[in-house]
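In what follows, a structure is listed as structure tokens, so that the remarks can point back to it.
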Amino acid sequence: MIKWDDAALVFEHKVHSALHDNQLKNYRSFAQDHFSNYRLVLITAREYQHKQNPDCALCWHNIYHFLGNIKDSLDDERVVWYVQEIVELFLAEGLGPVSPINHLAIDHYNEAKALDEQMLSLIHI
């Protein structure tokens, strides 16, 4: 949460999990009781997770692109280092840019799906 005076931005961050039942409703109720002006911001891994009517919904890859765009304009080397570390964390966690659909992968999905079992059968001779 970021708050100032009698206003607040209430954040919910999701990576590899879904919102709980009424999670944003509960946050909204809390914010209504404590602030005259507030907004709920939901940040998730993918767009399909944008549920429960947040005031603003972003994906981690949006933030990844934003950080990449501002990185070269930063003057403080320490800040540049932190931004680069965050960008690399996003990539390591699969929260960077979304890869386009690969038609070759779709064509060979069934063969690839069977690969684990085939490899295990080679080991169990």
Side-chain angles (χ1 to χ4, degrees):
M1 181 171 15
I2 299 173
K3 56 184 181 172
W4 64 98
D5 299 329
D6 195 30
L9 291 175
V10 180
F11 291 88
E12 176 55 30
H13 306 109
K14 292 295 185 185
V15 178
H16 301 295
S17 63
L19 289 167
H20 303 290
D21 289 338
N22 297 316
Q23 188 169 4
L24 295 188
K25 181 181 177 184
N26 294 338
Y27 291 176
R28 192 176 306 277
S29 177
F30 172 85
Q32 286 173 340
D33 291 345
H34 293 87
F35 304 104
S36 63
N37 189 12
Y38 68 91
R39 297 292 181 270
L40 295 179
V41 180
L42 177 63
I43 305 175
T44 64
R46 301 291 175 248
E47 285 86 355
Y48 71 85
Q49 295 174 287
H50 293 169
K51 298 179 179 177
Q52 299 186 19
N53 198 28
D55 296 309
C56 176
L58 300 168
C59 288
W60 290 110
H61 63 85
N62 300 127
I63 296 168
Y64 170 92
H65 287 300
F66 170 76
L67 292 174
N69 290 337
I70 67 163
K71 188 173 64 168
D72 293 336
S73 66
L74 299 172
D75 295 330
D76 187 330
E77 288 184 33
R78 292 176 298 169
V79 174
V80 172
W81 182 85
Y82 285 120
V83 168
Q84 184 59 40
E85 288 294 306
I86 293 170
V87 165
E88 289 177 19
L89 174 65
F90 284 5
L91 288 175
E93 294 294 325
L95 301 174
V98 178
S99 299
I101 294 175
N102 180 326
H103 292 286
L104 186 60
I106 292 171
D107 290 342
H108 297 283
Y109 172 75
N110 286 331
E111 290 91 350
K113 190 175 171 184
L115 183 62
D116 284 344
E117 189 175 321
Q118 291 170 355
M119 296 300 284
L120 286 173
S121 71
L122 291 173
I123 295 170
H124 293 92
I125 297 177

When rounded to the nearest 0.5 angstrom, what distance separates [atom1] in [X] from [atom2] in [Y]?
X	Y	atom1	atom2	value
Lys71	Leu67	NZ	CG	9.5 Å
Phe35	Leu9	CZ	CG	10.0 Å
Leu58	Phe66	CG	CZ	10.5 Å
Leu24	Ser29	CG	OG	12.5 Å
Leu19	Asn26	CG	CG	11.0 Å
Phe90	Trp60	CZ	CH2	5.0 Å

Tell me the closest heavy-atom pair linking [X] and [Y], and the distance in Å.
X	Y	answer
Leu95	Ala45	CD2-CB, 3.7 Å
Leu104	Asn102	N-OD1, 2.8 Å
Ile43	Cys59	CG2-C, 4.2 Å
Gln118	Ser121	O-OG, 2.7 Å

Starting from [Y], can I reach [X] by hopping between I/L/V/M/F/W/Y residues whose side chains sit under 4.5 Å apart?
X	Y	answer
Val10	Val15	no
Leu40	Ile2	no
Ile70	Tyr64	yes
Ile86	Val79	yes

Is atom [atom1] of [X] surrounded by more than 12 heavy atoms (other residues, nucleotides or ligands) closer than 6.0 Å?
X	atom1	value
Glu77	CD	no
His16	NE2	yes
Glu85	CD	yes
Asp107	CG	yes

key: Pairing of Glu111 and Lys113 as salt bridge, 4.0 angstrom limit   = no
key: Charged N-O contact under 4.0 Å between Arg28 and Asp55   = yes
ask   = Between Leu89 and Glu93, does a side chain to side chain contact (heavy atoms under 4.5 Å, CB included) hold up when you go through it step by step?
value = CA-CA 6 Å; Leu89 174 65; Glu93 294 294 325; 3.9 Å; yes
So [Y] and [X], do their side chains get closer than 4.5 Å, heavy atoms only?
X	Y	result
Val98	Arg46	yes
Ile101	Ile106	yes
Met1	Phe30	yes

Looking only at side-chain N and O atoms, does [Y] offer a donor or acceptor that is under 3.5 Å from a partner on [X]?
X	Y	answer
Gln23	Glu12	yes
Glu47	His61	yes
Gln52	Lys25	no

query = After noting the C-alpha distance and the side-chain angles of Asn37 and Asp6, does the key distance pass the side chain to side chain contact (heavy atoms under 4.5 Å, CB included) rule?
reply = CA-CA 7 Å; Asn37 189 12; Asp6 195 30; over 6 Å; no
message = Check the orientation of His13 and Phe11. Use parallel for under 30°, tilted for 30 to 60°, and perpendicular for over 60°.
response = parallel
task = Mind running side chain to side chain contact (heavy atoms under 4.5 Å, CB included) on Lys3 and His34 for me, showing each step along the way?
result = CA-CA 11 Å; Lys3 56 184 181 172; His34 293 87; over 6 Å; no
